[in-house]
2 protein chains.
Amino acid sequence: MTASRPGPNLNRIATSLGVSVATVSNALSGKGRVSGQLVERIREHAAELGYVPSQAGRALRTGRSGVLGLVLPDIANPLFPKIAQAIEFAASAAGYGVLIADSRGDVAAQTEAINRLVERGVDGMVIIPRRGTRISSAACPVAIIDTPSTPGNTVSADHWQGGLEIAGHLAGLGHRRILIIGNNQESNVQNDRAGGIRSGMRPGMHSETLWIDQLEQENGSGCPLGLAEKVSQGFTAFAALSDLQALRALTELQQAGINIPTDVSVTGFDDLIWSSVVTPSLTTVRMDMDRIAEIAVSALVDTIKTSSIREGVLVTAKIKRVAMQLIVRQSSGPAKPPQKTSEMENM
Amino acid sequence: MTASRPGPNLNRIATSLGVSVATVSNALSGKGRVSGQLVERIREHAAELGYVPSQAGRALRTGRSGVLGLVLPDIANPLFPKIAQAIEFAASAAGYGVLIADSRGDVAAQTEAINRLVERGVDGMVIIPRRGTRISSAACPVAIIDTPSTPGNTVSADHWQGGLEIAGHLAGLGHRRILIIGNNQESNVQNDRAGGIRSGMRPGMHSETLWIDQLEQENGSGCPLGLAEKVSQGFTAFAALSDLQALRALTELQQAGINIPTDVSVTGFDDLIWSSVVTPSLTTVRMDMDRIAEIAVSALVDTIKTSSIREGVLVTAKIKRVAMQLIVRQSSGPAKPPQKTSEMENM
DNA sequence: CTGAAAGCGCTTACAG
DNA sequence: CTGAAAGCGCTTACAG
């Protein structure tokens, strides 16, 4: 015997109404030409019976599962909730479910995660690649969200422009010496953000970049960043490339007795939950994940619906970069403009 | 015509090898009695062709999709990554995929999210209920992760015991006046944590509870918590019921010039990413989400495999509470033991 | 406007 | 040990 589902199926509705399954199917989907009256009767009866169409049956017949995969470099990444929520929302609006797959750990796990999704029959997937990874293709359409400078990127926040926003903000407050704080030198996203900051600086401004990954390799993980010393060197603004690093900087500075924002400013990236909760709250730059997700998903869905045969293509979207929005929460300039330091530097 | 998938199917393998599909199926699944030789040949050929079984075909035939649903109260919750990762890992190990559904916003959305998963044909689901919600049943087996005091809870961290750990830790350091900081008075989880702290206090200790939701209702969201005043009232320990609130407390205290951990201690709950990143890092209590997920998923899978007909039952597990583990990162007692205050209090 | 029929890919009870 | 056949629930091209 074959296993049967609990609920009613098309056949039950059909026989109970004395019509054919084809007609019921057509009536419910609104595709075939069925008389308005019958449509009405069928829909009513289906609702009454609590009919839930079988995805399996539909998938087998149409060759499409109605499910998208979401591959993340590391689910534990604090940015993940926003991304997942946005993708789920966009997919759901387009009538798709979202299957998650974490590429926990290494690059091999990413490939494995992708394969797992293919085995589950996803119609396409959204991949946020691991750092340094380059997705060539899978067995289905793929949308990539990373950064505009990543080859093959489908859509993403314009991280470079986000950096420009930060630089502009700090410049406007009168800061001249900026310490950029990143935690991964390999990250395309972080490099774009840093590049944006650097190129957005006005004449006379100076920046230095502190890569935490490098520092920790030398001094052990969790080591102090030595920011108090940087303050004494005349840095008045600390521009972290992610809110998490901003938080690290903020608390280290506070602990050293340096007042924020009176003495120095701290900015972040991403507008994560805690940015607004800490004292003082963080100036940061927000990506419009809903927009990004919407673009990625609709590009994906377009490809899925268009291509008759499921192929492994990298999907492209018309809009590839979505502007980041500056959220100003700290707005003090440097307390004692580091004039002397600057002058010395110019000598 | 019916749509066909890109890859090879059982039929192709069968004809290409001159055997029947039944034999191929049996060989690949290892179920029927097929000669070792043939099994070998068939598996080899299948691998060569890059055969990927059709979930749709299998699901239609067996009545099981091999997919579990995960319903979250709010994906944007910072705890979500850990949960999702753990569930995905456990499900994946058990051979299941995970479909996510966010019950964004209100309670109605939760019901809708559940229905959406049912429509997608999940075999069962893990629900982390919204505060104050009570899941009665869905159209499939359901495992609930909340807190042991929630009726119907399948498995969860032992939040009460976590509170005991915190109280014991603070008592050991010599703290006598503890301010418990929560952000949601309705939350079962937070109430259990607070209850644990209170009941774990030694004689002579005193606690007060600050509910941020209540405070913000009066003074507007994002208002200061007035912790400096609490310090002057003799409180030396601030036990937040979540790491986010701990972070809020930590930075507010630092901003007020109060040194942590020299002057006062701050503890959290959950060991979220930032607990170890801030200065000073937070003492907190960690749930073993991997263990919890493993228990929830295996209870769910057991029910799915046992019940021949898919019913809407709340799944139960043998182990309902998983111990929380104290992570000590701050270990100073109160600088000036609030002796006088205590004495006054006893008068 | 409605229905009969084929077939998507799989598994399983049964016959040989 | 192997194969023929049925059937899970659906959709679609075709016939009426």
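Please read all numbers here as calculations on a predicted model, not as lab measurements. Chain naming here is simple, since letters A, B, ... match the order of the sequence lines and numbering starts at 1 in each.
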Separation of dG9(D) C1' from Leu10(A) CG (nearest whole Å) | 7 Å
Considering residues at least two apart in sequence or located in another chain, which fulfil the side-chain hydrogen bond (donor to acceptor under 3.5 Å, both in side chains) criterion with Ser20(B)?
-> Thr23(B)
Only distances under 3.5 Å count here; give the side-chain donor-acceptor pairs of residues 42-56 of chain A to other protein atoms, sequence neighbours excluded, each with its distance to 0.1 Å.
from, atom 1, to, atom 2, distance (Å)
Arg43(A), NE, Ala27(A), O, 3.3
Arg43(A), NH2, Ala27(A), O, 2.9
His45(A), NE2, Ser16(A), OG, 2.6
Ser54(A), OG, Ala56(A), N, 3.3
Ser54(A), OG, Gly57(A), N, 2.9

Between dT11(C) (P) and Asn11(B) (CG): distance, integer Å = 13 Å
With sequence neighbours excluded, give me every side chain to side chain donor-acceptor pair (under 3.5 Å) pair touching residues 148-157 of chain A.
-> Asp146(A)-Thr150(A), Ser149(A)-Asp192(A), Thr150(A)-Asn188(A), Asn153(A)-Ser156(A)
In whole angstrom, what separates Leu60(A)'s CG from dA6(C)'s C1'?
-> 13 Å
Among dT12(C), dT2(D), dC10(C), which nucleotide sits nearest the side chain of Val34(B)?
-> dT2(D)
Name every residue in residues 13-24 of chain B that has at least one heavy atom under 4.0 Å from any atom of DNA chain C, in order of residue number, or write none if there are no such residues.
-> Ala22(B)
For Val322(A) and Asp288(A), run side-chain contact (heavy atoms from CB on, under 4.5 Å): C-alpha distance rounded to whole Å, both residues' side-chain angles, the deciding distance at 0.1 Å, then the answer.
-> CA-CA 7 Å; Val322(A) 174; Asp288(A) 189 344; 4.0 Å; yes
Interatomic distance, Arg64(B) CZ vs dC8(D) C1' [rounded to whole Å] = 13 Å
Select from Ser35(B) and Gly57(B) the residue whose nearest nucleotide in DNA chain D is closer to the 5' end of that strand.
-> Ser35(B)
With sequence neighbours left out, what residues match Arg321(B) under side-chain hydrogen bond (donor to acceptor under 3.5 Å, both in side chains)?
-> none
For atom CG of Asn9(A) and atom C1' of dC8(D), their distance in whole Å | 9 Å
With sequence neighbours left out, write down each residue that passes side-chain hydrogen bond (donor to acceptor under 3.5 Å, both in side chains) with Ser25(B), or none if nothing qualifies.
-> none
Rounded to the nearest angstrom, tell me the gap between atom CZ in Arg12(B) and atom C1' in dG9(C).
-> 13 Å
Sorted by chain and residue number, the side chain to side chain contact (heavy atoms under 4.5 Å, CB included) partners of Ser35(A) (sequence neighbours excluded) come out as Gln37(A), Leu38(A)
For dT12(C), does either OP1 or OP2 sit under 4.0 Å from a side-chain N or O belonging to Lys31(B)?
-> yes
Is there a donor-acceptor pair under 3.5 Å between the side chain of Asn26(A) and the backbone N or O of Lys31(A)?
-> no
Which residues within residues 37-45 of chain B lie with some heavy atom under 4.0 Å of an atom in DNA chain D?
-> Leu38(B)
For Asp290(B), what residues pass the salt bridge (Lys or Arg N to Asp or Glu O under 4.0 Å) criterion, not counting sequence neighbours?
-> Arg104(A)
Once you round it to whole Å, what is the distance between C1' of dG9(C) and CZ of Arg61(A)?
-> 13 Å
Rounded to the Å, how far apart are Asn26(B) CG and dC14(C) P?
-> 15 Å
Residue-phosphate contact under 4.0 Å: Arg58(B) side-chain N/O, dG9(C) OP1/OP2 | no
What pattern of brackets, bars and dots sums up DNA chain C from 5' to 3', given Watson-Crick or G-U wobble pairs under 3.5 Å, [ ] for crossing pairs and | for another strand?
-> |||.||||||||.|||
Counterpart residues, salt bridge (Lys or Arg N to Asp or Glu O under 4.0 Å), relative to Glu40(B) (two or more places apart) | none
Backbone N or O of Ala323(B) within a donor-acceptor pair of the Arg291(B) side chain at under 3.5 Å?
-> no
side-chain hydrogen bond (donor to acceptor under 3.5 Å, both in side chains) involving Arg58(B) - partner list, sequence neighbours excluded | none
